[in-house]
Asker: 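Dropping the structure in here first, questions after.
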Amino acid sequence: MAVMTYLEAGKLALAEEMRRDPLVWAVGEDLGRGGVFGQYKGLAEEFGHDRISDAPISESCIMGAAVGAAMMGTRPVVEMRFSDFALCAVDELVNQAAKARYMFGGQTRVPLVVREPIGIWRSSAAQHSQSLEAWYAHIPGLVVVVPSTPADNRALLKAAIRCDDPVVYMEHKNLWGLEGEVPDSDAGVGEVAELGKARVLREGADVTIVSWSAAVHSALAAAGSLAGRGLEAEVVDLRTLWPWDRETVMASVRKTGRLLVVQESVSVAGFGAEVAASVAETLHAALKAPVRRLGAPRIPISYAPPLEDRVRVTEEMIVAAAQEMAAVAA
Amino acid sequence: MAVMTYLEAGKLALAEEMRRDPLVWAVGEDLGRGGVFGQYKGLAEEFGHDRISDAPISESCIMGAAVGAAMMGTRPVVEMRFSDFALCAVDELVNQAAKARYMFGGQTRVPLVVREPIGIWRSSAAQHSQSLEAWYAHIPGLVVVVPSTPADNRALLKAAIRCDDPVVYMEHKNLWGLEGEVPDSDAGVGEVAELGKARVLREGADVTIVSWSAAVHSALAAAGSLAGRGLEAEVVDLRTLWPWDRETVMASVRKTGRLLVVQESVSVAGFGAEVAASVAETLHAALKAPVRRLGAPRIPISYAPPLEDRVRVTEEMIVAAAQEMAAVAA
Amino acid sequence: MPSGEEPPVTNLDIERYRERFRQMCRIRFFEEEAIAAARDKLVLGAIHPSIGQEAVAAGVCGNLRRSDIILSTHRGHGHTLAKGAEPLPMMRELFGRDGGYCQGKGGSMHIADFSVGMLGANGVVAANINIAAGAAHAIKLKGGDEVVVCFFGDGAINRGPFLEGLNWAGVFKLPILFVCEDNGFAATTRTKAMTAGAGPAARAEALGIPASEVDGNDVVSVDETARELLDTVRRGEPRFLVARTYRLTGHTSSDAAAYRPEEEVKERWLNDPIENCRRLLEAAGVPAAELTALHEAAAAEMKEAHEAAKATDWPAEALAYADVQDVGDPRKGAF
Amino acid sequence: MPSGEEPPVTNLDIERYRERFRQMCRIRFFEEEAIAAARDKLVLGAIHPSIGQEAVAAGVCGNLRRSDIILSTHRGHGHTLAKGAEPLPMMRELFGRDGGYCQGKGGSMHIADFSVGMLGANGVVAANINIAAGAAHAIKLKGGDEVVVCFFGDGAINRGPFLEGLNWAGVFKLPILFVCEDNGFAATTRTKAMTAGAGPAARAEALGIPASEVDGNDVVSVDETARELLDTVRRGEPRFLVARTYRLTGHTSSDAAAYRPEEEVKERWLNDPIENCRRLLEAAGVPAAELTALHEAAAAEMKEAHEAAKATDWPAEALAYADVQDVGDPRKGAF
Ligand SMILES: Cc1ncc(C[n+]2csc(CCOP(=O)(O)OP(=O)(O)O)c2C)c(N)n1
Ligand SMILES: Cc1ncc(C[n+]2csc(CCOP(=O)(O)OP(=O)(O)O)c2C)c(N)n1
Ligand SMILES: [Mg+2]
Ligand SMILES: [Mg+2]
């Protein structure tokens, strides 16, 4: 075990996969000098500028070229800088990458990873803060990964790179500096994740809190507070949204009888709706309280902190919601 | 009342609004010769080529230019041809149009209408058949309209054009030829819809079927069959997805105790999840059966009819689902 | 070369152009069969015939190896055949039948044959340009000597990917030939009316890609220019070719093209690339009967494909769920 | 014009360039205050200073009427001030305070002042090009005689909207001046390395927009060329201006720009557009003291904006829910 940041863990994952497989390469703006957050720092020195490739400010072509390069047998890792800029490349991702294998009757695969840093972070405002994971979960052909810890950023990124499907890989900008233990390279376990498996981060009998990405940490903090108030929350980190781990979620809710989904993104038509609707469809009779979602209001993200804060789901909100849910049964 | 097609009703709405307001104009590829489905046929003759404007194959610029032209006080109606091509203009719609008013602190508005024909239609395959209304419902700042009848295509398009917010207006390609009664221009009522109001198309006490766009017609047909089997379905056509008419839906489900959402689009993370989750959150105790969604599987849309058909929600599926739901309570 | 009075051509590579003639005939008859089948509702979705443009497909692709790559457009039957795909699985795909190249999932606009390096038609105008740049990028990364040819229309030059993909090819010095088939129209619109500046070649040059222009209805010009350009491309430099041509039929098989004068079309039929080539070969001494035989053989081949496709079953319904993705495969019930 | 040995300029329009000098000083000091405030964490999000590029903003915008329109970029403080926006509401916006131009919702990258025709900075590179084309389109439709100026960087020319927006302006003959500020860098990357072909002017010309190039550190050249071009633009023809300049500081206020040699930057500081202009005015007979006074007044003005912004409250929290949309307004509880 080594302690490292979420950012370093992602870099380690990429470096390890590039060492393992010469067909893995990364491309994006400014990568040669480390990328906008330093996630690629030093990699060009080891792998050269062909494999840690700069790109013009051409998001469509970065994504579209990755599709072509993936169909030709390489494994591109595409850096979009901010997930918001991936909106300049949606045709390439949704109409091309996601559909090519199917449309062409299985003649090809598009093994690419699109890294799309998401989330609210330091007054970045409306065009640099979005979390649109729900969009990609809706698109057949795409895999959606949303790591919340350093260990997962290594294990999931490695899995994403090895995956033969196009993967939308959403790191949360506010987690870059988060430190945590990461298994050693020769540990043999925990190094490469299985995509589609949630993790129960904390067990509890009273309420299931399902979350992903940075919101997991608020959920965990809230679970801590709740425990002090006599309420045991089970915290499930989905880790991947497509596929999402229905079994783990259902098992937990079957036990607790209560589901609270906690997401940073806009609640309306967010992925939490899928989880809540699925649980309501499947476990209606087992529910001790109605399913519930917490997420951002349907407003753009502001620059000024007091306004930006209005879209955040806080520990207090989670605690309050869980308590209300427990009170229903009481 | 006059009988006309869905297509003609849309054309009438645009013509009427263009006559009323000289600042309304339409722009898109091939509009001068009537547009790809003939929705603009004859309009250039009446309004000239400046107001029924051709465009280069430049979806980004069509959308982006509409944003600028809207901020400058005109009211562009943007034609995207197939909603799939709007994926070439997502930055312009989501990062620009939807956010400009907010980001700029209310200094401007972006009164544009984006017409995005959606849906499965005549073996159009994966890149010409999508229905991504859920995406736009998730984006703060956007209004989302999904008309299902000729009368609504007139009344809702007129309302969309008069709306000061950016409106994603999704006509269903399979409805172009649908005929129906449309109020006369001087009727005074029903001419311009109020956005955000659902319509109860059929009353019933046993199950609420919520639907929108072309799927409404399958829902209605199913309700007819169900009536023959002693089950009275209430069919609610949402008409707009943002805002969506929670009150009407909740009132109906409060009465019937059962919610079935019927959508053509992919079920996973589709808008049906929002409706189902909201009802489960709000009316848990009043439900006689679990909420339920019917929608497409998470697969791209095929070309060959037997494969294409596999994503369709049929009348039979709706009937079966409603009967199963009724059986729960029985 | 519509006139019949050329001097006898002496140094024409007869073998070569007989083969091109044959290829053009095959393309023509494939599409005529497809149009007829569309009328009979055997072809399901929209098809975009390339009738009148066959010399571009035949002239360019005749210079490619099997391992070379092409990317095509919505109007891609010609490119696909010329790259070596078989008519029967193509026709089956258009009919949405079992054994179609895409198992009936794609149709005309998504036809592909990866086994001959045909990486797909595309339903989104200009989207193939970036994908092609990426394919060439992969070849360079892997150190191969294959080339990529990317076909697109004159309407595609107004989409952003034109700029992004050409710039990309220039920056990374990729082995790619861009071929702009300038048929004067984008759907019902005369492309010129919606295009500022001097056109595709000027744009390419401004993006650092040397451009050549040829008469796209003259298979010899296309062939010779493409051959030369492809030599350069194979050495790792991108090139651009504009082929001026004309779409003799409508935008789709159901478009009567009423937006253009009949005389214009009539006149353009006099410049049919197949007839141009026939005249050339005849002038070079190839017996007319030999050419007629090639012509008829092509007709028969495509008629047979039509009949055979018609006799084929629909694909198995279960295929609808196949080949979506491995992780999160919908067949595993996770939806 | 870094040298100090020019012959005395006689026909320089002293009034005009004294004003430009003043404007450049204001921009410089605004940004220096903003950088200092960013160090103190008063400015919240990323800011992109235009230090060294002031002559472009001052030279171009000095030729505009209040009713004319500009669209700017992430590096837009200079354009905004030069178009007539006030420093205090700008600074408040950077601080995220009440009374900021966007009520604290936008910050530096989304600053706008519609009352003076400044239709917004933009956080997405090149996105403003299409929006600007549309603004000009609206002017033409309404029959106005305003013009639109669209600023963007040399990195923006590699995005699709560059092609689409310029083509649009050419096709519809719109009153728009595109201004490419070529500072040699796109973030940490030398733009040349990622740009094929001869650059922005050649691309514009290929898209049918006549292009001019000027020394962007010489406010007189910028001003004179812009004036001329804008006359043409006001008659309804699009034009393109490339201003060669240099970003003297980092990409953002927190970027040390270690990716470029110190000597390069040092040398470029000798070509500071403000000092260039000062020398020109002095050579034309303007007393040094007068220029120093203008300089100091600008410094004082911006210091005051800084102090006043700092003393301003945060915006009311309820504003978070305002101005999202009318229909489906989140304040109506519909979420
Ligand atoms: C992005 C996009 N916009 C619009 C269309 C609709 N469309 C299909 S073909 C076509 C015309 C294309 O013209 P051109 O590129 O010249 O090719 P041609 O049809 O002449 O071969 C259009 C507008 C599309 N498929 N994709
Ligand atoms: C579409 C998009 N891609 C990437 C970025 C990140 N980014 C912000 S500024 C910048 C460099 C822009 O370079 P240039 O256009 O030359 O303007 P300059 O910063 O030099 O003024 C980049 C890559 C962005 N904002 N938008
Ligand atoms: Mg064409
Ligand atoms: Mg620059």
Side-chain angles (χ1 to χ4, degrees), chain B residues 27-36 38 40-41 49 53-62 64 81-82 84-89 91-92 120-130 266-270 293 295-312, chain C residues 43-46 74 92-98 100 102-110 122-127 153-162 186-191 193-196 251 258-259 313-325 328-331 334-335:
Chain B
V27 59
E29 297 149 21
D30 299 306
L31 295 204
R33 284 147 310 289
V36 67
Y40 299 86
K41 202 119 219 153
H49 286 273
S53 181
D54 280 336
I57 309 180
S58 303
E59 281 74 12
S60 298
C61 196
I62 296 172
R81 204 171 178 115
F82 285 75
D84 313 73
F85 305 155
L87 301 191
C88 303
D91 172 58
E92 289 74 11
I120 305 173
W121 177 69
R122 296 192 193 171
S123 287
S124 299
Q127 290 178 338
H128 288 72
S129 303
Q130 292 167 91
V266 168
S267 187
V268 173
R293 292 172 287 163
R298 197 173 175 280
I299 63 178
I301 294 162
S302 272
Y303 174 82
L307 307 185
E308 187 188 41
D309 284 347
R310 292 302 296 267
V311 305
R312 286 183 208 272
Chain C
V43 168
L44 305 160
H74 56 286
R92 283 184 172 141
E93 190 57 37
L94 269 50
F95 288 25
R97 302 300 171 97
D98 193 33
C102 311
Q103 304 183 318
K105 288 173 166 178
S108 166
M109 269 196 279
H110 309 299
N122 209 305
V124 180
V125 167
D154 46 332
I157 74 167
N158 290 328
R159 278 208 62 225
F162 178 87
T188 71
T189 302
R190 284 196 198 265
T191 319
M194 290 291 124
T195 306
H251 173 57
Y259 42 84
D313 279 342
W314 295 117
E317 283 186 20
L319 283 177
Y321 288 81
D323 282 315
V324 178
Q325 55 196 114
D329 188 333
R331 288 174 299 192
F335 65 89

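Every value quoted in this text rests on a predicted model; they were computed, and no experiment measured them.
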Asker: Looking only at side-chain N and O atoms, does B:Gln130 offer a donor or acceptor that is under 3.5 Å from a partner on B:Asp84?
Answerer: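 Short answer, yes.
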Asker: Answer yes or no: is there a donor N or O on one side and an acceptor on the other, between the side chain of C:Arg159 and the main chain of C:Val125, under 3.5 Å?
Answerer: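 Indeed, once roles are kept as given, a pair shorter than 3.5 Å links the two residues.
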Asker: List for me each residue that meets side-chain hydrogen bond (donor to acceptor under 3.5 Å, both in side chains) alongside B:Arg81, sequence neighbours excluded, and say none if there are none.
Answerer: B:Asp30
Asker: What option among B:Cys61, B:Cys88, B:Gly295, B:Ala126 has the most heavy-atom pairs under 4.5 Å with chain C?
Answerer: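 Looking at each of B:Cys61, B:Cys88, B:Gly295, B:Ala126 in turn, B:Cys88 comes out on top.
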Asker: Side chain, backbone, both or neither: which part of C:Val124 has a heavy atom under 4.5 Å from chain B?
Answerer: both
Asker: Highest number of heavy-atom pairs under 4.5 Å with chain C: which of B:Leu87, B:Val311, B:Asp54, B:Val36?
Answerer: B:Asp54
Asker: Non-hydrogen atoms of chain B under 4.5 Å away: do they reach the side chain of C:Ala316, the backbone, both or neither?
Answerer: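 For C:Ala316, the backbone is the part near chain B, not the side chain.
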Asker: State whether the side chain of C:Lys105 and the backbone N or O of C:His110 hold a donor-acceptor pair below 3.5 Å, judged by distance alone.
Answerer: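 No, the answer is negative, given that no donor and acceptor are paired below the 3.5 Å cut-off.
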Asker: Among C:Val324, C:Thr188, C:Asn158, which residue has the highest count of heavy-atom pairs closer than 4.5 Å to chain B?
Answerer: C:Thr188
Asker: Hey, is the main chain of B:Leu307 close enough, under 3.5 Å, to the side chain of C:Glu317 for a donor-acceptor pair?
Answerer: no
Asker: Is the backbone of B:Ala55 close enough, under 3.5 Å, to the side chain of B:Glu29 for a donor and an acceptor to pair up by distance?
Answerer: no
Asker: Relative to chain C, which segment of B:Arg122 carries a heavy atom at a distance below 4.5 Å: side chain, backbone, both, or neither?
Answerer: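 Looking at B:Arg122, just its backbone touches chain C.
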Asker: Counting heavy-atom pairs closer than 4.5 Å to chain C, which one of B:Ser124, B:Pro305, B:Pro300, B:Ser267 comes out on top?
Answerer: B:Pro305
Asker: Could you list the residues that satisfy salt bridge (Lys or Arg N to Asp or Glu O under 4.0 Å) with B:Arg312, not counting sequence neighbours?
Answerer: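 Listed in chain order: B:Glu308, B:Asp309.
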Asker: For chain B, which candidate among C:Ala126, C:Gly123, C:Ala156, C:Ala186 shows the most heavy-atom pairs at distances under 4.5 Å?
Answerer: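 Result: the option with the highest number of such pairs is C:Gly123.
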Asker: Sort C:Gln325 into side chain, backbone, both or neither according to what part of it lies under 4.5 angstrom from a heavy atom of chain B.
Answerer: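 The side chain, not the backbone.
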Asker: Heavy atoms, side chains only, cut-off 4.5 Å: are C:Arg92 and C:Leu94 in contact?
Answerer: no
Asker: Let's test your reading of the structure: which of B:Ser58, B:Gly34, B:Ser60, B:Ala125 forms the most heavy-atom pairs below 4.5 Å with chain C?
Answerer: B:Ser58
Asker: Is chain B contacted by the side chain of C:Ala318, its backbone, both, or neither, given a heavy-atom distance below 4.5 Å?
Answerer: backbone
Asker: Counting only non-hydrogen atoms closer than 4.5 Å, does C:Asn122 touch chain B with its backbone (N, CA, C, O), its side chain (CB onward), both, or neither?
Answerer: both
